[in-house]
Amino acid sequence: MSAESEDVPLYAERPEWSDVVPVPQYQGVDALAPINYSAEYQDATDYFRGIIRMGETSPRVLKLTRDIINMNPAHYSAWQYRYKTLIAIGADLTEELRQMDDFALTNMKTYQVWHHRRLLLTALRSRDAAAGELAFTARVLAADAKNYHTWSYRQWLLAHFNDEERLWAGERAWVEDLLEKDVRNNSAWHHRFFVVWSSGVREGDEDREAVGRRELAFAKEKIALAPNNPSAWNYLRGVLEHTKTPLSALTTFVQLYTVSSPSIAPEVMDLDNPVPTEGAQLPCVNALEFQADIYEQEGGTQITKAVEIWKSLANEYDTMRKKYWEYRIKEGLQTTHT
Amino acid sequence: MAPARDLRPTPTDGYPTATSFLQQDIEDTLLAHLPQCLASPDPTATQNVPAVLQRNNHMQYLLRNLRQGFPQRYTGQDASQAWLMYWILQAFSCLGVGMDGETKRRAREKLLAMQNESGGFGGGPGQASHLLATYAAVSALAVVGEPGPGGGWDDIDRKKMYDFFMSVKQPDGSFLVCHHGEVDVRGLYCLLAVATLLNLLTQELLEGVPEFIASCQTYEGGFGNASFPDWAFSNGYDPTTPRPVLGEAHGGYTFCALASWLFLQPYIRIRYQSTAAGISAGVNHVPPTINVRTLLRWLTNMQGTGIELGGFKGRTNKLVDGCYSWWVGGCFSLVDGLLGGASTATREPSNETATHAGNPPASTEDSEWHDIDDAIFNREALQEYILFAGQHPAGGLRDKPPKHPDSYHTLYCLAGLSAAQHRVVPDHSRRDDLLRSWNADTARGTAVVTASAGEQERLDNLRQESFLDALCWLEDEGADKFVGGSANRVNATQPLFNLTVTHTELIMAHFYQQRLPSRLPKTTSKSS
């Protein structure tokens with residue numbers, strides 16, 4: 001924060017920087033689209049260009065790059081040079097990580113913040129540091145549950161420290177908790193897919209058929225809670241595709257969601273086919289689409305039933321996607337005829 | 001008579017969460033931006049809708065940015081100066097605003113000051129070379145540059161740029177955006193666009209890239225930003241080992257991945273030719289595939305409903321944002337191109353894979369296709385979102401109300417408007433014309449990388465096919481649609497580059513040293 005407070009002198013005024021020749025930014029005579037920089041920013045970046053010219057890597061470079069990053073977190077060249085310097089002078093990378101915690105929290109939308117941590121973790125090769133990062137990203141995601149870079153970084157972290165079962169052990173439960181808080185958080189759904197399906201087989205998950213059943217049950221339960229939630233339907237489809245299960249395996253379940261008021265025998269508790277919540281607004285588009293896909297997959301005369309549903313989606317339930325449903329009708333009919 | 005507009009709120013199933021609260025808020029805001037006469041249930045009231053593109057306001061906004069520059073709070077964009085230039089200049093192209101010679105000269109000077117001696121462009125003068133900045137600078141130079149001394153184009157050091165590209169290439173077919181930088185498909189798109197424009201493509205540059213892109217597709221159908229390489233590449237390459245995608249399906253990354261996939265079609269055709277001929281079926285000869293069926297489903301689901309005014313969102317269960325008008329709205333032309341162009345009635349039936357698209361099917365069934373459809377998304381609704389919610393009253397375009405405009409959203413809203421107004425698709429007869437006038441010798445003569453004698457033919461072939469695939473896109477003028485009337489027309493945009501077709505032609509003709517056959521506007525009537 002130093003560069004922003006009034007009483008800190010410019011680099012140009014500091015004797016300990018007098019050996020550096022500042023290099024002003026050259027952008028042509030009478031430049032178009034100039035940015036009206038503050039005196040502090042201009043000063044610091046002039047000295048940064050000077051340092052690059054000298055090729056210096058030293059502790060004071062860390063201070064300079066930190067100042068620039070504070071004023072412009074997206075200055076990738078400053079980040080790049082900072083990392084090179086950290087490695088060159090053998091700096092304490094754990095300390096660097098800790099110093100950047102608050103900065104990451106206030107600048108969580110910046111690519112460089114997360115990439116810097118990834119470089120540090122790669123260099124550190126420490127499982128304790130990785131465990132710390134899982135806790136840290138959990139904190140960030142508690143504040144901004146859909147931050148793309150943070151999620152991407154967390155997935156990289158888990159993949160990079162793949163053999164550390166300790167790091168992976170609580171992951172599914174943790175993301176389940178996030179879905180408990182907001183069942184519509186698509187980032188969390190994607191993370192679950194990453195943990196369960198995309199990154200190899202975890203301890204305790206060796207029986208893939210059982211895992212498949214567990215995940216379908218999970219998705220169905222979440223759909224029952226809030227049927228008009230595309231994240232849960234997409235996950236369900238993802239699981240079926242990944243496990244090469246035909247869509248028709250879910251016929252009974254899906255039918256509960258394709259009618260406006262499903263007739264349910266109250267005394268029967270069918271655990272495989274959880275019923276829609278009381279406030280459910282039915283029929284829901286995703287269920288109708290699913291039902292039509294079942295018919296299409298079955299083929300033959302069933303295609304007529306699929307076409308009926310697609311028509312109802314085009315004209316009544318999902319009119320914004322009319323063109324898409326018409327395309328599906330055309331495709332469906334063409335496939336049957338050939 | 002038009003059916004009544006569907007303005008039902010997104011259902012919350014009596015189970016509100018953080019996501020649905022945000023969604024409800026934005027639906028209230030957007031509904032308030034729908035003109036009263038359109039919100040009314042009386043369908044006869046839809047006449048004379050005041051849907052006006054405030055051209056002059058937007059032009060003034062852009063001119064202020066260009067001439068007066070940006071206030072201090074734009075310091076965060078100091079590493080995006082090449083982008084600021086591109087966003088402004090390409091937005092001018094969309095609006096049909098021409099520039100005087102002096103402004104163009106100053107623009108070239110500013111852009112060239114960002115080029116590094118070691119090759120590539122930085123985000124500003126004295127900043128490290130970066131793939132994104134390189135794309136932005138080269139694209140901006142496509143708008144304001146010309147051949148010859150001082151024209152900008154011949155000041156690009158293409159040999160050094162190629163060396164920079166190779167220096168950030170990774171074993172898994174991905175590229176770092178800069179030295180010590182991150183990997184993601186944005187950088188890859190930027191590299192491929194530039195390498196295609198400037199005649200820098202080689203087999204060596206593209207080796208492994210299709211496999212990388214394929215690994216970035218998610219279970220939802222859209223693409224994430226990168227995949228994890230180390231498991232599959234720890235000991236040579238093991239294609240049976242997972243390469244998990246990092247990050248969920250996202251509109252920006254999906255555009256970049258899909259456009260990259262199109263840029264790669266010539267390479268894929270040549271690289272995997274031997275499989276088709278049945279010569280070899282080793283692992284390295286199995287062409288990678290993407291799932292076009294789930295991709296198309298995901299893309300169409302990104303369009304918001306009536307109450308969201310038909311704008312696009314960038315991820316499932318997120319809010320609409322004007323910039324996805326281009327990042328997602330722009331994808332539909334690309335899908336068309338992938339499936340063989342709009343003039344193909346017999347689209348691939350199973351749609352499971354699409355590795356061989358671009359090998360244009362016969363164009364005998366034109367009419368059948370045009371009878372059925374013109375686009376798979378709602379073009380009118382997207383225009384409404386941009387016109388009613390995307391425009392800031394004081395000029396410039398934006399994410400959504402009540403946000404301020406910025407250069408980025410101004411361009412991508414206008415480009416999205418263009419994608420919704422026009423249909424630009426690969427044209428087979430144009431491709432044939434280009435092929436007839438193709439001169440392999442001059443194209444080879446201006447390339448910066450030479451191949452060994454044995455590789456010469458393959459490299460010539462790659463250069464030729466990439467040139468034809470990139471330049472055969474033409475506007476189908478019979479398919480224009482202008483909400484609010486033709487006064488709202490913006491220029492058509494080349495779907496792969498987000499430049500005008502003319503700018504794309506001029507710069508590519510220069511760097512491949514080709515004489516282009518004249519181009520007559522394509523006008524296909526709707527009825528056959």
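Naming convention: chains lettered A, B, ... in sequence-line order (proteins, then strands); numbering from 1 in each chain.
Residue contact with chain B, scored on non-hydrogen atoms closer than 4.5 Å, involves the side chain of Arg237(A) exclusively. At a 4.5 Å heavy-atom cutoff, the contact between Tyr324(A) and chain B is made by backbone and side-chain atoms alike. For Val183(A), the parts sitting under 4.5 Å from any heavy atom of chain B are the backbone and the side chain alike. For chain B, the nearby part of Leu119(A) is the side chain; its heavy atoms alone come within less than 4.5 Å. At a 4.5 Å heavy-atom cutoff, Pro73(A) makes no contact with chain B through either its backbone or its side chain. Looking at Tyr26(A), the atoms closer than 4.5 Å to chain B (heavy atoms on both sides) sit in the backbone and in the side chain alike. In this structure, the portions of Trp156(A) lying under 4.5 Å from any heavy atom of chain B include both its backbone and its side chain. Heavy atoms of Arg118(A) lying under 4.5 Å from chain B belong exclusively to its side chain. Contacts between Ser199(A) and chain B at a heavy-atom distance below 4.5 Å involve backbone atoms as well as side-chain atoms.
Qualifying side-chain hydrogen bond (donor to acceptor under 3.5 Å, both in side chains) partners for Asn317(B), counting only residues two or more places apart in sequence or in other chains: Asn229(A), Ser231(A). Residues meeting the salt bridge (Lys or Arg N to Asp or Glu O under 4.0 Å) test with Arg106(B), sequence neighbours left out: Asp30(A).
Side-chain contact between Arg8(B) and Gln281(A): absent, with no pair of heavy atoms (C-beta onward) separated by less than 4.5 Å. A 4.5 Å side-chain heavy-atom check between Tyr83(A) and His179(B) finds every atom pair outside the cut-off.
With values rounded to the nearest 0.5 angstrom, Ser80(B) atom OG is found 8.0 Å from Ile35(A) atom CD1. Between Gln127(B) atom CD and Thr45(A) atom OG1 the span is 9.0 Å, to the nearest 0.5 Å. Between the OG1 atom of Thr17(B) and the NZ atom of Lys181(A) there is a distance of 13.0 Å, given to the nearest 0.5 Å. Between the CG atom of Leu309(B) and the CE atom of Met320(A) there is a distance of 8.0 Å, given to the nearest 0.5 Å.
Arg293(B) and Glu331(A) are not joined by a salt bridge, as no carboxylate oxygen comes within less than 4.0 angstrom of a charged side-chain nitrogen.
No side-chain donor-acceptor contact under 3.5 Å links Lys323(A) and Thr300(B).
Of the listed residues (Gly224(B), Gly123(B), Ala249(B), Gly181(B)), the greatest number of heavy-atom pairs within a distance under 4.5 Å of chain A belongs to Gly181(B). For the options Phe377(B), Tyr74(B), Trp231(B), heavy-atom pairs under 4.5 Å to chain A are most numerous at Trp231(B).
The ring of Tyr148(A) has its center closer than 6.0 angstrom to the ring center of Tyr253(B). Remark: aromatic rings of Tyr76(A) and His130(B) are close, center separation under 6.0 Å.
Not one N or O on the side chain of Asn234(A) forms a donor-acceptor pair closer than 3.5 Å with the backbone of Glu220(B).
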